[in-house]
Amino acid sequence: MSEYNHKKIEKKWQKKWLDSNIYAAKDFDKKEKFYCLIEFPYPSGERLHVGHGRSYSALDALSRLKRMQGYNVLFPIGWDAFGLPAENYAIKTGIHPSITIKNNIENSKKQLISWGCSFDWDREINTTDPQYYKWTQWIFLKLYEMGLAYKQKMPINWCPSCKTGLANEEVIDGKCERCGAQSERKELSQWMLKITKYADRLIEDLKNVDYLSKISTQQINWIGRSEGAEVLFKAVDTEGKENDMWVFTTRPDTLFGATFMVIAPEHPLVQKLTTKEQEKNVLKYVKDTKFKSDLERQELEKDKTGVFTGSFAINPINNEKIPIWISDYVLMNYGHGAIMAVPAHDERDWDFAKKYDLPIIQVISPIFVDPINPPKKDAENTIRNGVIVIVKHWKEEKYLLDYSPKFNWKCLFTGGIEEGEDPLEAAKREIREETGYQNIKEARYVKLSHIDQFHAPHKGVNRHAYQKNIFIQLADGELKEREEEEKDLHHISWKTKDEMLNEISLINHKYIFETDLMDGQPWTDEGVLMNSEEYNDLKPEEAKEKIITELSKKKLAKKAINYKLRDWIFSRQHYWGEPIPIIHCEKCGEVPVPVKDLPVELPMVEKYEPTGTGESPLAAVESWVNVKCPKCGGSAKRETDTMPNWAGSSWYYIRYVDAKNDKELAARDKMEYWLPVDLYNGGMEHTTLHLLYSRFWYKALFDAGVVPTEEPYKRRHSHGMILGKDNQKMSKSRGNVVNPDEIIENFGGDTFRTYEMFIGPFEDVAAWNEKGVEGVHKFLKRTWNLFELPTEEGEPKIEHEKIINRTIKKVEEDILNFRFNTAVSTLMILLNTLTKEKKQNKIILSKFAIILAPFAPHLAEELWMKLGNTKSVHLEPWPKFDPKMIEDDIVTIVVQINGKVRANIMMNKNSTQKNVEEKALVEENVKKYIGTEKPKKIIYIPNKILNIVI
RNA sequence: GGGCCGGUGGCGGAACUGGUAUACGCGCUGGACUUAAAAUCCAGUGACUUCGGUCUUGAGGGUUCGAGUCCCUCCCGGCCCACCA
């Protein structure tokens, strides 16, 4: 007996596999291709962590399975090495990033090899290699040529600590994603990429790919497409001149409810619109906003603030004069930086109107359909005007609850309005009749009216009731005897407001009561129009169409679509990135670097620190900056901005296809063979940035005729994060970081991989557990010991045949469905079963070794060789399971009585119900429970369950 | 506030289209081997129990012969987004 020695066997096989290059993908192979992509790592000083281990192990297992299933698998790897961590390290140590990166790559590569990853190392890439970024620059020039790259002066997010511009996506909670410093606004001329031009296609084409639904949803939300209209408001400025103010709205149907306008403090018309009297306030507000950090400005549940400009605009739908206010809740970078405020139907506008006492006009009427007596299809529809009344006690904080025994509901008081009657008077009249209370101190409207729809059974008609909701406070307790009929209909009692909220059983009444308690609230749901002249009673969808059509005749509105997605700020004022290949010539302006001059290599510098002036350190390298204009030969300067970290990773998977090509980014025929990627796995955190950016680049390259398909990734999957054993994110400060190298040293790569797959469902977060690692190690050790047992030749036992076939099927299915955890447990069950035998069968062991290979490739290889094989187990075909072997001839049928398990009986497969019943009824326990009773009903699910109901 | 996903033993987690809940691993208990320990192996391990059973998948209802799974109401947790008009 020898012992499992992971160190010896893992080293040995790692070397042999590298030497024989058995995992290389073959271009144009006749076998079906399978391109399996994982996000390439950043080779930082920290090396790779157990989080990398999780997805790399799992996708490696999948790649190995696919290879064994006869696919030509491309499973490549590379290094995403530009960016801040390497640059910051260089600033600290003075060592050139390329040197640091080279060392880190060497170490990280060792790690990947120690994990037994089956990468095709021939295709290894590095985004900082001039031979690679030559093509990143080439793509930039393509985008430039297509008009998708442009320079614009604009306020950007500026990190005062990193001294660089940040993309919106890099600002988290108003702080720099990298260093955590508060970001500021700064106006700089920036290179931008027009990703918004592709917004619709980026949404639309999600239909043609197979992404986890949460990934698609997140991308769609991020792009944030909303359909609506642009509406023109004419604003008269202080000089009496008319100015056009466009607003974007998704609710043109609520135009009649637009009672004021709000514009962003940065809005270009602010100055013109501010009157003398308001000047002081406005100037102060604008100034305050400027100094406010984004964080403060976006603070949640913050009170809305704003100031009146003193000017008015004309609401184009009814020519009403409405005041123009300034507030920072309106964002300059969305829509036109101006809104029409409809306080009755928008939460923010509501808050603002409440705070500054601006008018609120309800223009959408909620419709409540009675759930007990809904309108009937054939019944006549009648219109009625009514009131719903809240009655408050003259002294206490109590309200009158009406209980109707006839309908069995608890509610407020209702009544009809007679022809020509004032609703408030109608309410008073009804209350006197229905409650007996006579003296009313106050009657006022609740800030919401609505429509009730119900069927009135006694009349046989449907009611469409326009309800005015009214609040009444009694003056005193004077009661007049009610008529008998009223007494029967209305059982009244005093309740506190909480009791009211709990007990009112009609949703519309409850809503009215609630609304009044809150002194009104905006109605943001469905309904029909009201207070909107000829558009009254229309549904919002219809009203939108009609209002836009009407206004567009006068050129006062047009249909419009808006996106939350912004264009991509592509400039960075950093050293360690791809130089943007543009030359600025005094005479010719922007001139792209000719393709023959690519790559524009990064010059060697002494200092890596950002200048802080808004220029990158490259600006100081005169010999590099000063060039001849490629067009006119005159003196010119290079662009000194570099590209963001996202650039190199936006197309790296294309390069894998033809990693060493020095003529083009990849040969067309190779792209046609390998692309699109069949499966791309990565973290959820890259869903809105990297994944969207790379889809955008690919689509642009498709339009340029460079790549062969519309979408780069057929399928996208994601993995969950690995937490420390304390269930917290791993971090040095918490001291809960697991170092994979230690795991490899103590337990080996096979244990590491298998544990990472066993840790839990692949998509879920999982906490690291050292004991769990030991458990998996024990499993591998016991597997080793199994293969140490004496073997028998010949046919295996039938039950072993069965279990190996079932295991093959289950493991295969589980890997393909990302259920790596249950795949491992299935192998454990197989081992537990086989271990019960003193002698092992060679056929079974051979299959075991093969199906173990995706999980523990080194151990599987060693065991395979021990069985007398000479060719690698990883070149073996995946065993085919025999469907006959999976099924049992004898099945256990559960006998239930009234749904409770009372016996198990063994039957031949597909026995008739009659046979099963006969067998079941002679079972002692079954007899006991049935006793003398006669079965009422017997349910038989073939080969599974017999349920006797008595 | 919006979107998405969850809630099952002491713990991580299994359970296909509704059909024996708690697979597998960890932990724990007992035993074997050992001078002893570790390692290894074997057995047991949801709770309660008057040992007949009874109860258990966040809480409460419903549908069903049968519900972790489907429907309704509520509670709790996680992740992402968040003043986007």
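Protein chains get the first letters and strands the later ones, always in sequence-line order, with residue 1 at the start of each. On a predicted model such as this, the values are computed, not experimentally measured, just so you know.
Distance from the side chain of A/Asn821 is smallest to B/rG13 among B/rC55, B/rG13, B/rC84. Closest approach to the A/Thr217 side chain among B/rG53, B/rG25, B/rG3 is made by B/rG3 (side chain taken as heavy atoms from C-beta onward). Distance from the side chain of A/Lys944 is smallest to B/rG19 among B/rA15, B/rG19, B/rG27. Comparing B/rA85, B/rG25, B/rU20 against the side chain of A/Asn832 picks out B/rG25 as the nearest. Checking B/rU40, B/rG19, B/rC84 against the side-chain heavy atoms of A/Arg348 singles out B/rC84 as nearest. Considering only side-chain atoms of A/Thr249, the nucleotide from B/rC65, B/rA15, B/rA85 that sits closest is B/rA85. For A/Val901, the side-chain atoms get nearest to B/rU20 when compared with the rest of B/rU20, B/rA85, B/rG19. Listed candidates were B/rC24, B/rG13, B/rC65. Nearest to the side chain of A/Pro761 is B/rG13. When the nucleotides B/rC4, B/rU20, B/rG25 are ranked by their closest atom to the side chain of A/Gln896, B/rU20 comes out on top. Here B/rA85 is the nucleotide among B/rA85, B/rG19, B/rG13 with the atom lying nearest to any side-chain atom of A/Ser226.
Straight-line distance from the CD atom of A/Glu756 to the C1' atom of B/rG25: 16 Å, rounded to whole Å. Look at CH2 on A/Trp246: it is 19 Å from P on B/rA85, rounded to the nearest Å. Spacing between atom CD1 of A/Ile215 and atom C1' of B/rG3 amounts to 15 Å, rounded to whole angstrom units. Distance A/Leu331 CG to B/rA82 C1': 11 Å, rounded to the nearest Å. The interatomic distance linking A/Trp325 (CH2) with B/rA85 (C1') rounds to 18 Å, in whole Å. Rounded to an integer number of Å, the gap from A/Ile945 CD1 to B/rU64 C1' is 13 Å. The nearest whole Å value for the distance from the CD1 atom in A/Ile759 to the P atom in B/rA14 is 12 Å. If you take CD of A/Glu763 and P of B/rC5, they are 11 Å apart, rounded to a whole angstrom.
Nucleotide B/rC70 forms a pair with B/rG62, judged by Watson-Crick or G-U wobble geometry with both contacts under 3.5 Å. Across every strand in view, B/rC24 sits in a pair with B/rG12 that passes the Watson-Crick or G-U test at under 3.5 angstrom. When Watson-Crick and G-U wobble pairs are counted only if both distances are under 3.5 Å, B/rG30 pairs with B/rC42. Figure legend. B/rG1 is base-paired to B/rC81; pairs are counted as Watson-Crick or G-U wobble with both atom distances under 3.5 Å.
Checking the phosphate oxygens (OP1, OP2) of B/rA82, no side-chain nitrogen or oxygen of A/Lys564 falls inside 4.0 Å. Contact annotation: A/Lys214 side-chain N/O to B/rC5 OP1/OP2 distance is not under 4.0 Å. OP1 and OP2 of B/rG19 both lie 4.0 Å or more from every side-chain N or O belonging to A/Lys900.
You'll find the side chain of A/Ile263 stays beyond 4.5 Å of the side chain of A/Val330, heavy atoms only.
Annotation: A/Phe352 is in aromatic contact with A/Phe260 [ring centroid separation under 6.0 Å]. Ring to ring, A/Tyr285 and A/Trp325 are not that close: their centroids are 6.0 angstrom or more apart.
A/Lys771 comes within 4.0 angstrom of the backbone, heavy atoms only, and of no base. Contact annotation for A/Glu774: no contact, since no heavy-atom pair falls under 4.0 Å across all strands. The residue A/Lys928 sits close only to the backbone: its heavy atoms come under 4.0 Å of sugar-phosphate atoms, none of a base. Using a 4.0 Å heavy-atom distance criterion, A/Phe758 is classed as a base contact. Within 4.0 Å (heavy atoms only), A/Arg225 reaches no atom of the nucleic acid at all. As judged by a 4.0 angstrom heavy-atom cut-off over every strand, A/Val949 is placed among residues touching the sugar-phosphate backbone only. When heavy atoms are screened at a 4.0 angstrom cut-off, A/Tyr929 is found touching the sugar-phosphate backbone but no base atom. Contacts of A/Gly775 with the nucleic acid, taken as non-hydrogen atoms under 4.0 Å apart, involve only primed sugar atoms and P, OP1 or OP2. Across all strands shown, A/Asn947 has heavy atoms under 4.0 Å from base atoms, whether or not it also approaches the sugar-phosphate.
If you take atom P in B/rG12 and the same atom in B/rG66, they sit 32 Å apart, rounded to whole Å. Straight-line distance between the C1' atoms of B/rA85 and B/rC79: roughly 27 Å, to the nearest whole Å. Annotation: B/rG9 and B/rU57 have their P atoms spaced 9 Å apart (nearest Å). Nucleotides B/rC76 and B/rC70 have their P atoms positioned 22 Å apart, rounded to a whole Å. Spacing between B/rA36 and B/rA32 at atom P, rounded to whole Å, works out to 11 Å. Rounded to the nearest Å, the gap between the P atom of B/rC33 and that of B/rC28 is 22 Å. The P atoms of B/rC4 and B/rU73 are separated by 15 Å, rounded to the nearest whole Å. Atom name P, nucleotides B/rC16 and B/rU69: the rounded distance is 12 Å, in whole Å.
A/Glu514 and A/Lys510 are not joined by a salt bridge, as no carboxylate oxygen comes within less than 4.0 angstrom of a charged side-chain nitrogen.
Both cation-pi conditions hold for A/Arg902 and A/Tyr929: the charged atom is under 6.0 angstrom from the six-membered ring centre and inside a 45 degree cone around its axis.
B/rG58 adopts an anti glycosidic conformation, its chi angle falling more than 90° from 0. Base orientation at B/rG7 is anti, since its O4'-C1' glycosidic dihedral falls outside 90° of 0.
The residue among A/Gly337 and A/Lys781 whose nearest nucleotide of RNA chain B is located toward the 5' end is A/Lys781. Each of A/Lys810 and A/Met721 was assigned the nucleotide of RNA chain B with the nearest heavy atom; the assignment lying further toward the 5' end belongs to A/Lys810.
A/Asn904 and A/Thr892 share no donor-acceptor pair across their side chains, judged by distance under 3.5 Å alone. Under 3.5 Å, the side chains of A/His6 and A/Asp750 contain no donor-acceptor pair of N or O atoms. For the 3.5 Å distance criterion, the side chains of A/Ser226 and A/Tyr334 qualify, holding a donor opposite an acceptor. For the residue pair A/Thr196 / A/Asp567, a side-chain donor-acceptor distance below 3.5 Å is found, with atom types taken as modelled.
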